[in-house]
Engineer: 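Below you will find the structure I want to go over with you.
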Amino acid sequence: MKPVLTDASQRAIRYLEGLAERPVAPSPSAVAALSAFDEPLPESASDPADTIRLLDEVGSPATMAMAGPRFFGFVIGGSLPVSLAANWLAGAWDQNSALYRATPGTACLEGVALRWLLDVLRLPAGCGGAFVTGATVANFCALAAARHAVLGRAGWNVEADGLFGAPPVTVVVGAETHPSVSKALGLLGLGRSRVVTVETDSQGRMRPGRMPRLSGPTIICLQAGNVNTGAFDPVAAVIPRAREAGAWVHVDGAFGLWAAAAPSRAHLAEGLGGADSWATDAHKWLNVPYDSGLAFVRDPHALRAAMAITADYLPTETENRNPGDFTPELSRRARGVEVWAALRSLGRAGLAEMIERNCAQARRFADRLAGAGFEILNEVVLNQVLVSFGSPETTKRVIDATQADGTCWAGITSWQSRTAMRISVSCWATTDNDVERSADAIIRAANALPAGPAAIGPGQG
Ligand SMILES: Cc1ncc(COP(=O)(O)O)c(C=O)c1O
C-alpha cells in the first residue's frame, strides 16, 4: 500500500502548492479533458498507481481552486493544513464512528471538540451536539429536536406517532431565511411554505415589530449571517418574546455564528446564546475539509430523542457520548476529528485572528471597489460584500470577465432586485495581498468593458 499512498499524498501536496498561482477556475480545455474518465467499467484489475495518476492528471486541473486563497464564491473556506492532515489520518483509521464502545478514540475526540466549540461560540456548556455533513443537515437535526420538544410539551410524541393528527406547530421565519431551513422544515413534515414569514429590512434582518403574536407549539427560525449581506436577525428583541410564549428559537448561523469567536465581531452574536438550538458549518469558517456541519441543542435530550436508535446487535449502552445518538446517520465518518485538530492547532487566539482577518479583508475589498467608483450594496459588517457595477447587464459582464481572467472568482446574486457581484471572504489562506490582487483584477475587468449603453456608471442597476 505504501507506494500508492505516498504517491497520492505527494500529488495532493503538489496540487495545494500550485493553488496560489493557477487560474482559480478550471480552463475549458481541462473540463473538456474530463471525457477521459468516461471509459467502460474495466473488466479486470489494474495497477492502483495508474488510477491515482489518471485522477490527478485529469481530475486536478478540472477542479475549481476552492481551497486556494482567491476563491470568493458562495461561502466556502479552505482546509487548514492541520485539518486536512487530520482528515487523512482519520481516513486511514476508517472508523465507523457511531458508538463509543466500538470507536472510543474518535468518540472521545468528538466529545472534546464539542466542548471546545460551545466555549468558542459562547453557547451554553451542556448543549447536545451533532457532527453532520453541513448546515442543511444541522438545521434539520436542530429543528427535529425543536419539533420533538414543542410537540412533547403539547402531549404529543412525534417520533412515535408522526404528524398525522398532531397539534399544529406554528413556524416563524424571516423573509430572508436560507433555503436550507425551508428544506429542513419540508423534510420534517412542517412544510417549506406552511410558515409565517416576517418582513425583513434593507439588510435582510427580520423586523421584530412585524413578528406575529405567539401561542401554542411554535418554532422561530432566526438567522445569524445572511448569505448575501452577512447581517444578523435582531436576536435580543425576539428571544424574550419567544421565551414568554414558550416558543423554541432556532438560529441558522452557517457562517455567522463564528462571529462570536472574534472579539471585534462578537457584538453581532450578542444574545445568540439565549436560543434553544443552533446550526453552523465547520467546512466554512473553521476551514476544515468537506463535509462538516454542526448542530447544537440546549437540551441534549431533545436532540437525542429525535435521533437515537437501538438494536440488539448494537452496543449502544455506555456512560460515554455515542456520536450516532445525535445524528441522522448511524454509520458515519468521524468528522469531529478535523474540527478537534483545527481548534487545537489554532487555539482561541488563532481562530479569532482568522475570522477578524477575513472580516477586515471584506472591508478592504469594499473600500477598494467603492474607491474605484462602484457601488457597495450592503453594510459590510462581516465577511460579505455585494457590489454593483451599474446595470444588471454590466454587472454580469464584469463578473464573467473576472471569472475568465482567473486571478480570483466571485459569483453573482440578486439582492433586493439589484444584480450584484457577491464576494465572500472565509479562507484561512487569503492574505491582504490576495485581496489587493483580486481587487485590481476586478477593477481591471470593469474598466476594460467597452463603453456603450450596457456599460453605464455605478448606481444605475
Ligand atoms: C445561512 C446559511 N444557512 C445554511 C447554509 C447551508 O449550508 P450547507 O451548504 O453547508 O448545507 C448556508 C450555505 O451557504 C448558509 O449560508
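Below, each value reflects all heavy atoms present in this structure, side chains not excepted, and no hydrogens, waters or symmetry copies. Nothing fancy with the numbering, it's 1 onward along the sequence. Counting starts at 1 for both ligands and their atoms, in listed order.
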Engineer: Does the side chain of Gln203 come under 3.5 Å of the side chain of Asn378 through a donor N or O and an acceptor N or O?
Structural biologist: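 Distance-only check fails for Gln203 and Asn378.
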Engineer: Report the part of Ala135 (side chain from C-beta onward, or backbone N, CA, C, O) that has a heavy atom under 4.0 Å from ligand 1; answer both or neither where that applies.
Structural biologist: both
Engineer: Is it the case that the side chain of Arg147 and the backbone of Leu163 share a donor-acceptor pair, with hydrogens and angles ignored and the cut-off at 3.5 Å?
Structural biologist: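 Not confirmed, Arg147 side chain does not pair with Leu163 backbone.
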Engineer: Heavy-atom contact check, 4.0 Å cutoff: does Ser180 meet ligand 1?
Structural biologist: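 Yes.
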Engineer: Distance to 0.1 Å, residue and atom name: give those for the protein heavy atom nearest to atom 12 (C) of ligand 1.
Structural biologist: His178 NE2, 3.3 Å
Engineer: Can you tell me how far the CH2 atom of Trp258 sits from the CE atom of Met354, to the nearest 0.5 Å?
Structural biologist: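 The CE atom of Met354 is 8.0 Å from CH2 of Trp258, to the nearest 0.5 Å.
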Engineer: Could you check whether Trp285 and Asn358, counting side-chain N and O atoms only, form a donor-acceptor pair closer than 3.5 Å?
Structural biologist: yes
Engineer: Quick check on contacts: which atoms of ligand 1 are under 4.0 angstrom from a heavy atom of Phe255?
Structural biologist: 16 (O)
Engineer: Which heavy atom of the protein is the closest neighbour of atom 16 (O) of ligand 1, given with residue, atom name and distance?
Structural biologist: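 Atom 16 (O) of ligand 1 sits closest to the protein heavy atom Val227 CG2, 3.3 Å.
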Engineer: Ignoring hydrogens and angles, tell me if any N or O in the side chain of Asp233 forms a donor-acceptor pair with the backbone of Gln223 under 3.5 Å.
Structural biologist: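 Looks like yes, one N/O pair under 3.5 Å.
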Engineer: Which of the numbered atoms in ligand 1 are under 4.0 angstrom from any heavy atom belonging to His283?
Structural biologist: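 Those atoms are 10 (O).
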Engineer: So is Val75 touching ligand 1 or not, going by heavy atoms under 4.0 Å?
Structural biologist: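 The answer is no, since Val75 has no heavy atom less than 4.0 Å from ligand 1.
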Engineer: At under 4.0 Å between heavy atoms, is it the side chain or the backbone of Phe74 that contacts ligand 1, or both, or neither?
Structural biologist: neither
Engineer: Nearest 0.5 angstrom please: Thr229 OG1 to Glu379 CD, how far?
Structural biologist: 8.5 Å
Engineer: Below a 4.0 angstrom heavy-atom separation, can you tell me which part of Asp281, side chain or backbone, both or neither, approaches ligand 1?
Structural biologist: side chain
Engineer: Mind checking whether Asp252 has an N or O less than 3.5 Å away from an N or O of ligand 1?
Structural biologist: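 So ligand 1 has an N or O lying under 3.5 Å from an N or O of Asp252.
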Engineer: Tell me whether His283 contacts the main-chain N or O of Ser292 through its side chain, where contact means a donor paired with an acceptor under 3.5 Å.
Structural biologist: yes
Engineer: Step through it carefully: locate the ring centre of Phe296, locate the ring centre of Trp278, and say whether they are under 6.0 Å apart.
Structural biologist: no
Engineer: If you count the atoms of ligand 1 from 1 in the order shown, which ones are under 4.0 Å from a heavy atom of Gly134?
Structural biologist: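 Taking each heavy atom of Gly134 in turn, ligand 1 has 10 (O), 11 (O) under 4.0 Å.
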Engineer: Which atoms of ligand 1 sit under 4.0 Å from any heavy atom of Gly225?
Structural biologist: 1 (C)
Engineer: How many angstroms lie between atom CG of Asp252 and atom CG of Leu222, to the nearest 0.5 angstrom?
Structural biologist: 10.0 Å
Engineer: At what distance is the nearest protein heavy atom to atom 11 (O) of ligand 1, and which residue and atom is it?
Structural biologist: Thr136 OG1, 2.5 Å
Engineer: Got the closest protein heavy atom to atom 13 (C) of ligand 1, with its distance?
Structural biologist: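 Atom 13 (C) of ligand 1 sits closest to the protein heavy atom Lys284 NZ, 3.0 Å.
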